[in-house]
Amino acid sequence: MAVQRLCTMEDKPYLRALWQTCFGDSDSFMDFFFEKRFYPEYSVCTIEDEKLVNAMYSFPVNMYIRGNIVPAAMLAGFSTDPDYRGRGYMSKAFEILVNSLADSGITVAPHTPVKHENYFRQGNYTATDTRFIKGTADKPKIMPSGVNFGRMSEMGKLYPVYLKFAEKYSGTLARSMHDFRLKTADLASDGGEFIIAEKGGETKGYAMYFNGVEGLTAVETAYDSEETAESLLNALAFIADNKPIKIKFPPDSRAELAGCTSEIIPHGVAAAVNMPKLMNMIFKESGISIKLSDHISSINNGIFRMDGTPCEDTADLELEAGYFIQFAEGYKTLAELEKEGHAVINNREKAEYLDRKYPKCTCYICDEY
């Protein structure tokens with residue numbers, strides 16, 4: 001009989017072996033992950049036949065939602081021994097993890113699964129978009145002026161750029177300098193590099209990327225203006241040297257690259273962890289009540305005022321917690337959710353007030369696992 005539980009530090013070697021079996025990542029990346037990103041109290045494992053056969057990971061982060069910084073947990077992977085797949089471990093592991101995170105004060109858990117629909121049954125719906133630029137770019141004759149290869153010793157130049165860039169979006173991570181150091185160490189652990197765009201002695205942008213035989217993938221690009229974005233794009237095309245390229249940008253970017261196409265796609269879902277706490281941090285609307293339902297996180301069931309306090313009022317709105325996250329982050333309006341059949345509006349005046357006061361945002365997340 002399978003036993004599913006939160007991990008302990010003693011599980012680490014078995015978790016690492018399972019990760020290697022499932023993902024085949026480099027030793028240097030796994031050294032980094034299990035030293036810097038592994039939090040046993042934020043991870044769940046499954047034991048069967050006296051073997052650790054399944055694991056789900058997360059780690060604590062802070063996150064911007066509508067300009068507010070809220071406590072969150074980044075979901076970082078789900079792995080199952082090939083001989084034990086198809087046994088339903090995922091749903092129970094997810095339930096254990098989310099309820100534990102809720103008890104610890106986490107409000108939301110973002111992640112970027114390859115297939116969003118795999119998580120719809122867990123109540124995790126799309127909450128952010130990404131613009132991908134793909135193709136075989138025309139190589140510029142020279143590296144754009146002001147763009148240079150970065151060194152790890154220059155990492156401090158990048159952080160102020162990220163701070164100004166990230167605060168424009170809802171759903172992205174609010175990294176501290178410590179978090180940013182972890183991000184660059186994560187990049188370096190797997191052979192990643194970065195370029196820096198500078199002008200007048202000031203750092204204006206950067207791009208983090210992996211450049212291999214099969215092509216170049218830019219996993220994070222941050223900048224102060226569209227002009228800087230164009231310079232970074234052309235620099236990446238120069239570095240790619242006529243190999244295929246894939247560059248990740250926020251959905252509001254207008255930068256284009258000759259020889260490539262661009263497409264905005266849903267890219268990132270969010271688990272509703274502790275909605276009463278999230279409402280208290282974002283909305284504080286004591287005169288509006290909402291009925292939430294959630295088959296994963298027990299704390300998200302009942303009628304609440306929009307300041308997060310439970311009540312016995314007649315609900316002005318009724319939503320599944322996962323769809324409420326789409327409104328909370330600014331990904332969809334209540335009117336859109338009602339039209340899609342995902343919201344019941346019992347008091348239209350109050351719903352319209354919420355849509356006016358809390359309009360849609362540009363929702364984007366850099367981080368992914």
Side-chain angles (χ1 to χ4, degrees), residues 16 19-20 23-39 57 59-64 74 76-77 112 140 142-167 169 172-225 228-241 243 245-250 364-369:
R16 178 172 173 144
W19 186 293
Q20 178 63 49
F23 303 126
D25 285 317
S26 66
D27 285 339
S28 58
F29 171 77
M30 289 193 297
D31 287 344
F32 165 79
F33 184 88
F34 283 100
E35 179 62 29
K36 302 296 186 181
R37 292 293 201 198
F38 173 59
Y39 292 79
Y57 304 88
F59 54 86
V61 294
N62 287 318
M63 183 175 175
Y64 285 114
M74 186 77 186
T112 52
I142 60 172
M143 188 82 157
S145 174
V147 181
N148 299 292
F149 292 96
R151 299 183 299 271
M152 289 303 291
S153 60
E154 298 178 291
M155 179 273 299
K157 294 182 178 181
L158 278 56
Y159 183 58
V161 175
Y162 180 80
L163 282 180
K164 293 178 182 178
F165 176 79
E167 67 186 10
Y169 302 108
T172 201
L173 300 193
R175 299 179 189 150
S176 65
M177 175 59 93
H178 175 70
D179 294 327
F180 198 82
R181 287 183 183 275
L182 283 175
K183 180 65 180 181
T184 54
D186 188 339
L187 179 80
S189 73
D190 223 15
E193 302 173 279
F194 63 90
I195 50 175
I196 303 175
E198 296 178 297
K199 186 176 183 180
E202 295 184 11
T203 303
K204 300 294 186 177
Y206 66 84
M208 299 179 177
Y209 64 92
F210 296 93
N211 189 18
V213 175
E214 296 182 358
L216 183 148
T217 301
V219 295
E220 180 168 319
T221 309
Y223 48 86
D224 67 336
S225 67
T228 302
E230 292 278 0
S231 293
L232 290 167
L233 267 177
N234 282 285
L236 291 167
F238 181 84
I239 296 166
D241 194 17
K243 298 193 302 290
I245 199 166
K246 180 180 179 181
I247 304 173
K248 182 180 180 182
F249 267 87
Y364 173 63
I365 188 168
C366 294
D367 295 68
E368 56 185 281
Y369 269 84

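Remember, predicted model here, so these are calculated numbers, not experimental data.
- The minimum heavy-atom distance between Gly205 and Leu232, with the atom names listed, is C-CD1, 4.1 Å.
- In summary, the aromatic rings of Tyr223 and Tyr162 are positioned with their centroids too far apart to meet the 6.0 Å limit.
- You'll find the side chain of Tyr209 stays beyond 4.5 Å of the side chain of Val219, heavy atoms only.
- Qualifying side chain to side chain donor-acceptor pair (under 3.5 Å) partners for Lys248, counting only residues two or more places apart in sequence or in other chains: Glu368.
- Tyr159 has its ring centre less than 6.0 Å from the ring centre of Phe180.
- No donor-acceptor pair under 3.5 Å is formed between the side chain of Glu35 and the backbone N or O of Phe32.
- Here the closest non-hydrogen pair linking Ser189 and Ser26 is O-OG, 4.0 Å.
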Would Asp224 and Lys164 satisfy side chain to side chain contact (heavy atoms under 4.5 Å, CB included), going step by step from the backbone distance to the final call?
CA-CA 8 Å; Asp224 67 336; Lys164 293 178 182 178; over 6 Å; no
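- Counting only N and O atoms by type, the side chains of Asp31 and Ser28 include no donor and acceptor under 3.5 Å apart.
- Distance check: Asp186 CG to Leu182 CG gives 8.0 Å after rounding to the nearest 0.5 Å.
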Run Met152 and Phe194 through side chain to side chain contact (heavy atoms under 4.5 Å, CB included) and show every step you take.
CA-CA 9 Å; Met152 289 303 291; Phe194 63 90; 3.9 Å; yes
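- Screening Glu154, Lys204, Arg151 for a side chain to side chain contact (heavy atoms under 4.5 Å, CB included) involving Ile196 leaves a single residue, Glu154.
- Separation of atoms CD1 (Ile247) and CG (Leu233) is listed at 4.5 Å; rounding is to 0.5 Å.
- For the atom pair OG (Ser231) and CG (Leu236), the distance works out to 11.0 Å, reported to the nearest 0.5 Å.
- Looking at every heavy atom in both residues, Asn234 comes nearest to Pro140 through O-CG, 3.4 Å.
- Here the straight-line distance linking atom CD of Glu220 with atom NZ of Lys183 works out to 5.5 Å at 0.5 Å rounding.
- Residues Val161 and Glu202 are not in side-chain contact: their nearest non-hydrogen atoms beyond the backbone lie 4.5 Å or more apart.
- Note that OG1 of Thr172 is 9.0 Å distant from OH of Tyr64, once rounded to the nearest 0.5 Å.
- Within the 4.5 Å cutoff, the side chain of Glu198 has heavy atoms near those of the Lys157 side chain.
- The OH atom of Tyr169 lies 15.0 Å from the CE atom of Met63; values are rounded to the nearest 0.5 Å.
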Compile the donor-acceptor pairs under 3.5 Å between side chains in residues 210-217 and protein atoms, sequence neighbours left out, one pair per line.
| unit_1 | atom_1 | unit_2 | atom_2 | d |
| --- | --- | --- | --- | --- |
| Asn211 | OD1 | Lys243 | NZ | 3.2 |

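- The side-chain heavy atoms of Ile195 and Asn148, taken from C-beta on, include no pair separated by under 4.5 Å.
- Taking the side chain as every heavy atom from C-beta outward, Asn62 and Arg175 never approach each other to under 4.5 Å.
- In plain terms, the two heavy atoms of Phe165 and Cys366 that are nearest each other are CE2-SG, 4.1 Å.
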Please lay out, stage by stage, how Asp25 and Arg16 fare under the test salt bridge (Lys or Arg N to Asp or Glu O under 4.0 Å).
CA-CA 10 Å; Asp25 285 317; Arg16 178 172 173 144; over 6 Å; no
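- Minimum interatomic distance between Met208 and Tyr206 (heavy atoms only, all atoms of both residues): CE-CE1, 3.8 Å.
- In plain terms, the two heavy atoms of Ala235 and Val147 that are nearest each other are CB-CG1, 3.5 Å.
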Taking it one step at a time, do Asp179 and Val61 satisfy side chain to side chain contact (heavy atoms under 4.5 Å, CB included)?
CA-CA 8 Å; Asp179 294 327; Val61 294; 5.8 Å; no
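- The aromatic rings of Trp19 and Phe33 sit tilted relative to each other, their planes meeting at an angle between 30° and 60°.
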